[in-house]
Number of protein chains: 2
Amino acid sequence: MFSKACKYGIRSVIYITKQSQLGRKVGLKEIAKAVDSPEAFTAKILQKLCRSKIIKSEKGPTGGFFIDEDKLHSVCLSHVVSTIDGDTVYNDCGLGMKSCNPKKPCPVHNQFMVIRNNLKTMLETTTMHSLASGVKSGLTFLKR
Amino acid sequence: MFSKACKYGIRSVIYITKQSQLGRKVGLKEIAKAVDSPEAFTAKILQKLCRSKIIKSEKGPTGGFFIDEDKLHSVCLSHVVSTIDGDTVYNDCGLGMKSCNPKKPCPVHNQFMVIRNNLKTMLETTTMHSLASGVKSGLTFLKR
DNA sequence: ATAGTAAAAGACATTATTGTCCGCTACTAA
DNA sequence: TTAGTAGCGGACAATAATGTCTTTTACTAT
Ligand code: FES
Ligand code: FES
C-alpha cells in the first residue's frame, strides 16, 4: 500500500504528535527507538517532512522534532502520505497504465475508484492528533 | 497498491481470458504487445501463473497460453494477486509493524481494516471473465 | 567565546524489484 | 525423422528502494 519510508514516517509523526501534545521536543534517537525504525533512514524521512512543513526541527542541545501548537489538530494522514509517497496513491492507474483516465479506463477502473475514494476519504479525515490519542490511551501501539 | 509484476499479470490474464473465450491460444509475443509489457519479464510472470494453475501453456508450434473452459468463469482477481504478490495485501499491517494483530493494533488498524476488507471483497468477487468482457465490448482497455 | 549537541546534507552500501539474455526442453507439422 | 516453434529455466544486468556513514551547519548552555 505505502512504501516503508512512508510507514516509518507516519509512525514517527504520530509519536512526535503525541509528545508535542505534552509540550516535548523529541530527538531522532528517541523517535527511532519509539517506533522501531532504522535511525539514519528515519532521519531522511523526517527531513522531508520538515521541508514540507508538516513537522518542525531545531538544532543543537534541547533541539529535536515537534509540531506547532496550531497545527497539532490539522495535520492528517494524507499530508504525510503525499509528502513521502507522492500522489501515486491518488492518481496512478491500478493496473499500471500510463495514466488513470476515465475516458479510457482500464478493466478495473470502476472497481478501483471505489476503493481509492474510500482510502482517500479515510486519509483526509484521519488526523494525526486522533491517532496519537489512541496511542496515548494505550489502545494502539507504534511497534511490535 | 500492487507490484508491477502483478499489474502485468492481471492485464495478461485478462487478455488470455478474452482470447480463450474465442477458443484461441495466444503466444507470449502477442500478449506482451496487447498489454504493453516487457516480453521477457512477462514470460516469468506467466510461468508463475502456470505453476499456480491459473492459466495453462502448451509448447511448440500452435502452442501458447490459455485458460481451461471450466475455469473461464471462476478465476478472479484475488487468485492472480495472491499468486504474484502473495498475501501481503491481506495480512500485512498498514503501518509496517511485524504483524497485523487486532490484539495489539497499530494506530490505523481499524481504519485500514475497513479499506482492506473492501479491497478483499472486490478482489474476490471480480472475475477475470467479467473484466475480459469489458475489454471485448470496447468499454475498457489494456494499454495506454 | 567555546564546547558540546543535534539535525542537515551528501556520499556511499545493500537489497529488492524489474528487466534481459541465452541455451534447453517439449512439441507439432511436414 | 527432422526442422522449426514456443515456452521453461537459470544466469545475468539495470534500476529503484532501503539503509548507513561521515562531515558540516546551527544552535544552546555554560
Ligand atoms: S484507468 Fe486503471 S484505475 Fe483508472
Ligand atoms: S495492526 Fe496495523 S493494520 Fe492491523
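Letters A, B, ... mirror the listed sequences (proteins, then strands); counts begin at 1. When reading the values below, keep in mind they use all heavy atoms of this one structure, side chains included, and skip hydrogens, waters and symmetry mates.
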I'd like to compare against my own output: the B/S/- annotation of nucleotides 19-30 of chain C with a strict under-4.0 Å heavy-atom distance to protein.
BB----BBBBS-
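Here B:Glu39 pairs with nothing under the salt bridge (Lys or Arg N to Asp or Glu O under 4.0 Å) rule; sequence neighbours left out. In terms of the side chain to side chain contact (heavy atoms under 4.5 Å, CB included) criterion, residue partners of A:Leu139 (sequence neighbours excluded) are, by chain and number, A:Ser137. Partners of B:Phe112 under the ring pair (Phe, Tyr, Trp, His ring centres under 6.0 Å) rule, at least two apart in sequence or in another chain, are A:Phe2. Not counting sequence neighbours, the partners of A:Lys25 by the salt bridge (Lys or Arg N to Asp or Glu O under 4.0 Å) test are A:Glu58. Partners of A:Lys136 under the side-chain hydrogen bond (donor to acceptor under 3.5 Å, both in side chains) rule, at least two apart in sequence or in another chain, are A:Gln21.
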Solution key, residues 95-111 of chain B side-chain donor-acceptor pairs under 3.5 Å, sequence neighbours excluded:
residue: B:Lys98; atom: NZ; partner: A:Asp36; partner atom: OD2; Å: 3.1
residue: B:Asn101; atom: OD1; partner: B:Lys103; partner atom: N; Å: 2.8

Solution key, residues 28-35 of chain B side-chain donor-acceptor pairs under 3.5 Å, sequence neighbours excluded:
residue: B:Glu30; atom: OE1; partner: B:Arg24; partner atom: NH2; Å: 3.2
residue: B:Glu30; atom: OE2; partner: B:Tyr15; partner atom: OH; Å: 2.5
residue: B:Glu30; atom: OE2; partner: B:Arg24; partner atom: NH1; Å: 3.1

Under 3.5 Å, which donor-acceptor pairs do the side chains of residues 44-54 of chain B form with other protein atoms, sequence neighbours left out?
residue: B:Ser52; atom: OG; partner: B:Leu49; partner atom: O; Å: 3.2
residue: B:Ser52; atom: OG; partner: B:Thr83; partner atom: OG1; Å: 3.3

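Separating the CG atom of A:Leu46 from the P atom of C:dA6 is a distance of 15 Å, rounded to the nearest angstrom.
Under a 3.5 Å cut-off, the side chain of B:Ser20 and the backbone N or O of B:Ile67 do form a donor-acceptor pair.
Residue pairs meeting the ring pair (Phe, Tyr, Trp, His ring centres under 6.0 Å) criterion with at least one member in residues 42-94 of chain B, sequence neighbours excluded, are B:His73-B:His129.
Taking every heavy atom of residues 9-33 of chain B and every atom of DNA chain C, no pair lies under 4.0 Å.
Chain A approaches DNA chain D within less than 4.0 angstrom (heavy atoms of the protein), and the contacting nucleotides run 5' to 3' from D:dT18 to D:dA29.
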